[in-house]
Amino acid sequence: MKKILIGKTTGLKGSVKIQGGKNAVLPILAASILTEEKVKINNCPDIEDVRQTIKLLEMLGCKVFFVNGTIEVYPKDVEDTRISSEYTRNTRSSILFLGAMLGRLGRIVITKPGGCKIGERPYDLHIKGIRGLGVEIFEKYGDIVAYTDELKGGRIHLTFPSVGATENIMLAAVMAKGRTSIYNPAKEPEIVELAGFLNSMGASVKGAGKDIIVIEGTDRLHGAEYTVGGDRIVAATYMAALAVCRGKIKLLGVSPLYMEEVIKTFRNMGISIKLLPGNKGFVCKNKGEIKNISYIETSPYPMLPTDVQPIMAAVMIYGNGVSRVKEKIFENRFAYVEELKKLGADINIKGGDTLVIYGRNKLKGCQLKSMDLRGGAALVVAGLGAEGETVILDNGYIYRGYEDIIRDLKGLGADIREEEISEEEISEDGEKEER
Ligand code: UD1
C-alpha cells in the first residue's frame, strides 16, 4: 500500500513524454501467442497490468523479456493449459486470451475475471461472438470452456460495440477458415492498433475503426515488431492536472487524432490546447478560471471515453458554475465521488448515472482512499487544487495504469510525493482490499 502526499500546486510547467497505451498493449500481448515466432513490442508502459500479463504469458509457456519499454515474446512453446483465477482476477484484459488461445490451439478453459468496482462486466457478447466462429463455448463454475476442431469465419453482429468482445472475436477470427465480418464493432483507437499489429503479423483485417470489420482468416501468422502509441487517458489525466494547477505544459508522444472529444471538452473548460506538428503531442495552457460545462456524457468512441469521466469530474469541482456528467458505459463508476466530497466538493449522483457538480474555488485537503484506477487518478488531480495537504491511500490501483504518475507530475512542478504506508496505518484504515 502506498500513500501519495499532495500539496496545492500553482503553475505547472515543462514537458512530459506520455507512456505507451495500456489498453493497446494488453490486447497486443494476447495476440503475440498467435504465432510461433518472436514478437517485439516497443513503447510498452511498465505498469502492473502489463507485468501481470507477462506472468500469464510465461505460465502459458512463452519466454518473455521486458527491457527499457520493449517486450520480446517467444511464443513457440505455448501449452494447452487452463488459465486459472490466479492469472485473471487482477487483470480484466486476461479475458482476451480466450480468443487468442482459440486462435493458437483451438481450445481453452479460462476463469472469468469477474465483476469489479466499476460495474458487473458481463461476457455474453464475447461468448456469442466466439460461438459465431464455430466454437463450442459455455460457462461452468465461473470458467469459460471453449473448443473447436476448426475455427470458421462468420457474420457477427454485436448488439453493443464492446471493446473486449470485438478484440476477442478479432483474435480468433484471424486464424479462422474463411471470412469473418463484425457488424457494429467497437471503433476505439485500441481496435485500430490491434488490427495494425495483427496485419503486421500477416493477417488481413480491414475496416478497424469503421462500421464493419472484415477479416480474411489464415492458418499461419509470422513474428512482428510493433510500436504502441501514447496513452490517451494518461494524456487526459495530465491535461486535467494542468487545468486545476494552471500553467503551461507540453505532452509528447501522444497523437491528438484519437482525442478529439477530450480536447474539445477541455477547450470548452477554457484550456488552450495547441497541436504540435506531425501529431507529436500538444501544448496545453491554462491561465484563467475553469469554465463549467452544463452537460457531457460518456459513450463509445468517438465520443467521450468512460475512462476520463472521473478525471473530468475532478476538474469540474473547481469550475465556475454547475456541470453535469452522465456515465453511459458502466453502472458503478462513481466510487470516487464520496472521496471528493471529503475535500468539500459539492458533487452528487442523480438518477444513478449522472453527476451534478457545483464548482467551488476552495477545497481543503484531507485523507482519501483510491477505489479503482481512474477514480484514483481523479483524486490525484483533485488533490493538486486543494488547500493544505491531501493524502491518498492507494492499494496499487493507480499503478495498474500509470507507470509513474508521481515522477511525471513532479517533473511538471507539482507538489507530490509518495511513501510506503506503515502496518499501523493499514490497520487503522481497516481491511486491505482485493483489486
Ligand atoms: C471499456 C471501454 C473502453 C475502456 C475499457 C477500460 C467502452 C465502450 N469501452 O472496455 O473504452 O478502455 O473499458 O476501462 O467505453 N458489455 C456487455 N456484455 C459483454 C461485454 C460488455 O453487456 O459481453 C457491456 C458492459 O457491461 C459495459 C459496456 O458493454 O456496459 C462496455 O463494455 P466493453 O466495451 O466490453 O468494456 P471493455 O472492453 O472493458
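Note that ligands are numbered from 1 as they come in the structure, with each ligand's atoms numbered from 1 the same way. These values consider heavy atoms only, across backbone and side chains, with no hydrogens, waters or symmetry-generated copies.
Comparing Leu304, Ile95, Thr306 against atom 2 (C) of ligand 1, the shortest heavy-atom distance belongs to Thr306. When the heavy atoms of Gly21, Ser93, Ser162, Gly129 are ranked by distance to atom 35 (O) of ligand 1, first place goes to Ser162.
Between the side chains of Asn90 and Lys55, no donor-acceptor pair is found at a separation under 3.5 Å. In this structure, a donor-acceptor pair under 3.5 Å is absent between the side chains of Glu225 and Ser200. A donor and an acceptor atom, one from each side chain of Asn42 and Thr70, are located under 3.5 Å apart. Between the side chains of Tyr258 and Glu260, not a single donor N or O lies within less than 3.5 Å of an accepting N or O.
With a heavy-atom cut-off of 4.0 Å, Asp124 touches ligand 1 through backbone and side chain alike. When heavy-atom distances to ligand 1 are checked against a 4.0 Å cut-off, Glu188 comes that close only through its side chain, counted from C-beta outward.
If you number the atoms of ligand 1 from 1 as listed, the ones under 4.0 Å from a heavy atom of Asp307 come out as 4 (C), 6 (C), 12 (O), 14 (O). For ligand 1, the atoms closer than 4.0 angstrom to any heavy atom of Tyr123 are 23 (O). Listed by number with element, the atoms of ligand 1 under 4.0 Å from a non-hydrogen atom of Gly164 are 35 (O), 38 (O).
With a 6.0 Å cutoff to the six-membered ring centre and a 45° limit on the axis angle, Lys274 does not count as a cation-pi contact of Phe282.
The N/O atoms of Glu331, backbone and side chain alike, include none that comes under 3.5 Å of an N/O atom in ligand 1. Among the atoms of Val163, some N or O lies under 3.5 angstrom from an N or O of ligand 1. By the 3.5 Å distance cut-off applied to N or O atoms, Leu125 is counted among the residues near ligand 1. Distances between N or O atoms of Ile329 and those of ligand 1 include at least one value under 3.5 Å.
In this structure the side chain of Leu60 reaches within 4.5 angstrom of the side chain of Phe97, judged on heavy atoms. With contacts defined as side-chain heavy-atom distances shorter than 4.5 Å, the pair Glu72/Phe66 does not qualify.
Ring geometry for Tyr402 versus Tyr238: interplanar angle of 30 to 60°, hence tilted.
Using a 4.0 Å cutoff on heavy atoms, Pro122 counts as a contact of ligand 1.
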